[in-house]
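In what follows, a single structure is set out as structure tokens and then discussed.
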Amino acid sequence: MKAVLLLSGGLDSYTAGAMAKADGYELYALTIRYGQVHVREVEAARRVAAALPAVRHLELDVPLSKIGGSALVGDGEIPKDRLLTASDIPSTYVPARNTVFLSLAMAWAEVVGAGAVVIGVNALDYSGYPDCRPEYLRAFEQVAALATRAGVEGQALKILAPLLQLSKADIIRRGLALGVDYGLTLSCYDPDAAGRPCGHCDSCRLRAQGFEQAGAMDPAL
């Protein structure tokens with residue numbers, strides 16, 4: 001079995017990839033340089049792809065920063081120390097990012113003969129992002145069935161989101177049980193020039209909370 005893994009270099013995508021690997025999938029890792037201000041995550045993605053290991057690691061330039069509309073591509077400051085229980089859509093939401101990424105993964109899946117795309121979205125910790133919801137992922141599977149030769153010929157593409165209903169602590173526990181080295185990852189939205197996490201953005205704080213609740217130390221610190 002083959003699967004395309006959308007790999008950011010963060011904790012979630014690494015864990016999702018490790019879970020798919022444990023389920024017997026050969027992984028083709030896809031990393032998108034979309035103009036993110038935390039572009040150092042691409043270096044982390046290379047480390048993770050080697051560690052999994054992926055059969056191949058493809059990096060694509062898709063400059064969503066030219067469209068703008070998100071703090072993650074330089075439109076405004078990265079929010080710090082927000083309430084983690086806030087229900088509003090944060091300024092780090094990148095318009096249509098997962099749709100763009102899944103479309104590219106779907107195209108590559110057809111080329112390499114993969115029957116699944118693995119994505120590390122999580123509906124519990126990122127409930128403010130509309131493209132992390134179960135109904136969105138189900139709808140994209142329908143798009144893949146209608147828009148691809150493989151789908152028309154009855155080889156429906158699966159969208160695998162193994163972290164969807166897990167807490168961050170549970171994600172970390174699953175990863176540690178699979179031997180994931182979280183020291184290879186970068187989750188921060190605003191790392192310094194040396195790649196050190198800021199500790200105050202949403203992603204850093206959710207990660208810290210997850211490790212604390214999982215009763216584990218974060219090796220990236």
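All values below were derived from every heavy atom in this structure, side-chain atoms included, with hydrogens, water molecules and symmetry-related copies excluded.
Distance alone, capped at 3.5 Å, is enough to place a donor-acceptor pair between the S70 side chain and the Y93 backbone. For the pair R138 (side chain) and R133 (backbone), a donor-acceptor distance under 3.5 Å is absent. Of the possible donor and acceptor atoms, one in the side chain of Y136 sits under 3.5 Å from a partner among the backbone N and O of T99. For E110 (side chain) and A150 (main-chain N/O), a donor-acceptor pair under 3.5 Å exists by modelled atom type. A donor-acceptor pair under 3.5 Å is absent between the side-chain atoms of R174 and the main chain of I171, judged by distance alone. One N or O on the side chain of T31 and one on the backbone of L7 form a donor-acceptor pair closer than 3.5 Å.
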Query raised in the report: Should S8 and S13 be marked as a side-chain hydrogen bond (donor to acceptor under 3.5 Å, both in side chains) after you check the CA-CA gap, both sets of side-chain angles, and the distance that decides it?
Result: CA-CA 6 Å; S8 70; S13 63; 3.3 Å; yes
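For the salt bridge (Lys or Arg N to Asp or Glu O under 4.0 Å) test with R207, the passing option among D202, D218, D12 is D218; the others fail.
With rounding to the nearest 0.5 angstrom, the CD atom of E43 is 9.0 Å from the CG atom of L186.
With contacts defined as side-chain heavy-atom distances shorter than 4.5 Å, the pair L72/Y34 qualifies. Counting only heavy atoms from C-beta outward, the side chains of L157 and T148 never approach each other to under 4.5 Å.
Within 6.0 Å of the CD atom in E77, the count of heavy atoms belonging to other residues, nucleotides or ligands does not exceed 12.
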